Each structure stands twice: as structure tokens, then as C-alpha cells.
Peer 1: 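Before we start, here is the structure in question, set down as C-alpha cells.
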There are 2 protein chains.
Amino acid sequence: MKYSHKLSDAIHILAFVDIFQGGDVSSTMIASSIESNPSLVRRLMSQLAKADLLITRPGVSAASLARPAETISLLDVYRAIDDSQQLLHVDPKTSMACPVGRNIQATLDGVYDRVQQAAEAEMANVSLAEIIQDLQAKINA
Amino acid sequence: MKYSHKLSDAIHILAFVDIFQGGDVSSTMIASSIESNPSLVRRLMSQLAKADLLITRPGVSAASLARPAETISLLDVYRAIDDSQQLLHVDPKTSMACPVGRNIQATLDGVYDRVQQAAEAEMANVSLAEIIQDLQAKINA
DNA sequence: ATCGGTGTTACAATTTAAGTCACAAGTTAC
DNA sequence: GTAACTTGTGACTTAAATTGTAACACCGAT
């Protein structure tokens, strides 16, 4: 479990909350759907709430989307959850004594940034509504 | 490859080999530029050789690019190095008893694939020659 | 033939995500 | 008001992947 599933779990939470709106959307219930534990779910929900994507209230299990699903993009969720905000990572420890080692970081920063921009542009194109629709279609099938 | 810098190190190796062609391009020398160890460098070089990006010879430190740097893209290097071939990862363990848990994986696979395609398209646009040029410009500055 | 480098494997160390436990504080129902 | 339940957090443990280290057979040049 070294690869992170935080983003996937966060989307899972948002979709679950929206689909089962009015039903049981407690951290325990969601955790059983993710096959994880309530503590992890609450931590993610807390991050989503801080990013203004989810409305939660202490003590009461009645979470709901903070905005219409059409206006929440995958990029919003990614930004709310991902710690490093980077898909690709430059090696931070190269030799300053070597011309290549001294300059490779700046060069790669520029290149990786282009890739990051492309990925984020596509993430911005995916709405939560779209994900939920796809999910509903599969559920009804 | 969440916090891995294998890709960065692989590019470092290719750039180093090309820039110092004719000089000392032993795994030990490259390792000192990366501030890593010769074994790791040899492992990466071996992977690059298997992907036909680098020519190595057992016993002799005379590595060279297998193709002109113009024809090697960042995507080629990424494909040669990255184990999972995925920038984003679906949670593989969700509850089949829940409609959301049962279908979220397939939905996210589709969405993540779009992001992956966008990122890979940009990676394909970046050539090793471009990276080396940028590096040379910084070195000469 | 010797010396140094490669290619590869095995294993230890390190790092980060995920899981677990615990508990203060908020909310509802009675 | 209090009992029962939930959220929000922090501390700590466990697990998985990357990186580091060591060993050694094999290749090649001098």
C-alpha cells in the first residue's frame, strides 16, 4: 500500500455522500464501502471540508456537497488532497560539484511543470457530476 | 511512483552520458553526480539498455545513447523506468457489497486514463535533446 | 593473469501511506 | 441532564515501496 489511494478514496467519499444523500453517510458507513477505517475517512472528509468541497458538522453525520457536483472538478479534489501537488518528482539531492548535477534540477522542474500542467488541465475537465453519472449508469446496469 | 525519483535519475544518466561522451561515464562517476550509489545507477542503466535507449557493454564503461537524443522522448524514458505505468492509482480494495464500492474502480480507471493520456502526450512532446540543450545553456551561463 | 567495471541478486535501511487506538467535544433523543 | 453516538485530531503502529549497501560471477583491457 505504498502508492497513495487518497485521491480515489476522496472521490469515493464525495460520490457516496451525494448518491446516498439523506441516508446514512456516517464515517463508519463510508469506511465500510471503501473497506477502510472510519478514522481515515474522517481525516479525508476534514480535508475536503477545509477545501470547501464538503460540508460537515461536528457530532452529526449529515455530510453534503458544498457545491453542485457540476462545479466540482477532479482538479479541485486533487488540490484538496494531494500533499506534494506534484505527479513527478525531481531528485532533490544531486552533486553541486558536477555541472549536470548542479543544473539538472532546474531543468527537470521546467519539464515536469509542463507535464503537470497538461495533467491538471485534463483533471479540470472532469467534473464530479460526470463521475457520479458514470457510476449511476454502472449501478443501474 | 509517488515519491520516486527514478525517472529524474534516469534522465540524469542519459544526459550525463551524452554530455560527457568520450570521458568517464562509469557507474561510479555517474553515481557521484547523482549523489547516489553505483549499484542503483547500474540498475537504471540496465533498464534503459533493455528499453533500447542506452547501449552498455559488460565490463567496459563506455555507455552511449542508443539513438540520437532528438528521437528519445521523456515518455520513452518514463515507460522504460516506471513500474506501475500509472500516475494516479485506484484503490484496489473497495466493498463489493456496496453499489458505489463495486463500481467506483471501473469509473476511476476511465477517468484516470484520460489524465494519463494527457500527461503522456506532453511527455511525448519533450525530447532528451531539448533537456540536454536546456542543461547546456544553464551550464554555460 | 590481474585489475577494474558491469550485471544481477539479496538484503538492510529509510520513507511514506494506511491502519489502529484513543479521546475531547459536539449533537440528538429520551 | 445524561446516555448514546458522531465528528475532529493526535499519537502510535504496521505495511509497502524506494533507496542504500554488499556480494559476486562475468567480461574486457592492459
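Being a predicted model, the structure only gives us computed values, none of them experimental. Keep in mind that the numbers below use all heavy atoms, side chains included, and drop hydrogens, waters and symmetry copies. Note on naming: letters A, B, ... go to the chains in the order of the sequence lines (proteins, then strands), and numbering restarts at 1 for each one.
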Peer 1: Name every donor-acceptor pair, under 3.5 Å, that has one atom in a side chain of residues 47-60 of chain A and the other anywhere in the protein, sequence neighbours excluded.
Peer 2:
unit_1   : atom_1 : unit_2   : atom_2 : d
Gln47(A) : NE2    : Ala80(A) : O      : 3.4
Lys50(A) : NZ     : Ser46(A) : OG     : 3.4

Peer 1: Can you list the residues that meet the salt bridge (Lys or Arg N to Asp or Glu O under 4.0 Å) rule with Asp76(B), with sequence neighbours excluded?
Peer 2: Arg67(B)
Peer 1: Can you give me every donor-acceptor pair (side chain of residues 26-36 of chain A, partner residue at least two apart or in another chain, under 3.5 Å) with its distance?
Peer 2:
unit_1   : atom_1 : unit_2   : atom_2 : d
Ser26(A) : OG     : Asp24(A) : OD1    : 2.9
Ser26(A) : OG     : Met29(A) : N      : 3.2
Ser27(A) : OG     : Arg42(A) : NH1    : 3.2
Ser32(A) : OG     : Met29(A) : O      : 2.9
Ser33(A) : OG     : His12(A) : NE2    : 2.7

Peer 1: Consider only side-chain N and O atoms of Thr94(A) and Gln105(A), and report whether a donor and an acceptor are under 3.5 Å apart.
Peer 2: yes
Peer 1: Atom pairs, N/O to N/O, protein against nucleotides 25-30 of chain D, distance under 3.5 Å?
Peer 2:
unit_1  : atom_1 : unit_2   : atom_2 : d
dA29(D) : OP1    : Arg57(B) : NH2    : 3.4

Peer 1: Can you check whether Asp113(A)'s main-chain N or O pairs, donor with acceptor, with Gln86(A)'s side chain at less than 3.5 Å?
Peer 2: no
Peer 1: Can you run down the ring-ring contact (aromatic ring centres under 6.0 Å, His included) pairs that involve residues 97-119 of chain A, sequence neighbours left out, and say none if there aren't any?
Peer 2: none
Peer 1: Using residues 131-141 of chain B as the side-chain source, report each donor-acceptor pair under 3.5 Å to any protein atom, sequence neighbours left out, with the distance given to one decimal.
Peer 2:
unit_1    : atom_1 : unit_2    : atom_2 : d
Asp134(B) : OD2    : Thr107(A) : OG1    : 2.8
Asp134(B) : OD2    : Lys138(B) : NZ     : 2.7
Asn140(B) : ND2    : Gln136(B) : O      : 3.2

Peer 1: Nearest whole Å is fine: how far is dT7(D) P from Met29(A) CE?
Peer 2: 13 Å
Peer 1: Can you tell me how far P of dT16(C) sits from NE2 of His5(A), to the nearest Å?
Peer 2: 17 Å
Peer 1: Tell me which pairs pass ring-ring contact (aromatic ring centres under 6.0 Å, His included) where either residue lies in residues 18-42 of chain B, with sequence neighbours left out.
Peer 2: Phe16(B)-Phe20(B)
Peer 1: Can you measure Lys6(B) atom NZ to dT19(D) atom C1' for me and round it to whole angstrom units?
Peer 2: 9 Å
Peer 1: Counting any heavy atom closer than 4.0 Å, what does Thr28(A) reach on the DNA or RNA strands: base, sugar-phosphate only, or nothing?
Peer 2: nothing
Peer 1: Nearest 0.5 Å please: distance from the CD1 atom of Ile13(A) over to the NZ atom of Lys6(A).
Peer 2: 12.0 Å
Peer 1: So, taking the atom named CG in Leu128(A) and the one named OG in Ser73(A), what distance separates them when rounded to the nearest 0.5 Å?
Peer 2: 9.5 Å
Peer 1: Working to the nearest 0.5 angstrom, can you tell me the gap between Met45(A) CE and Asp9(A) CG?
Peer 2: 12.5 Å
Peer 1: Identify, residue by residue, the members of residues 10-24 of chain B with a heavy atom below 4.0 Å from DNA chain C, and return them in order of residue number, or none.
Peer 2: none
Peer 1: Verify the contact: side-chain N or O of Lys93(A) to OP1 or OP2 of dG20(D), cut-off strictly under 4.0 Å; return yes or no.
Peer 2: yes
Peer 1: I'd like to check the side-chain hydrogen bond (donor to acceptor under 3.5 Å, both in side chains) partners of Arg114(B); sequence neighbours left out, ordered by chain and number.
Peer 2: Glu122(A), Glu130(A)
Peer 1: Calculate the interatomic distance between His89(B) atom NE2 and dA16(D) atom C1'; express it in whole Å.
Peer 2: 13 Å
Peer 1: Of all residues at least two apart in sequence or in a different chain, which pass the side-chain hydrogen bond (donor to acceptor under 3.5 Å, both in side chains) check with Ser127(B)?
Peer 2: none
Peer 1: Tell me, which of residues 96-105 of chain A have any heavy atom that sits under 4.0 Å from an atom in DNA chain C?
Peer 2: none
Peer 1: Heavy atom of residues 31-50 of chain B under 4.0 Å from DNA chain C: which residues?
Peer 2: Ser39(B), Arg42(B), Arg43(B), Ser46(B), Lys50(B)
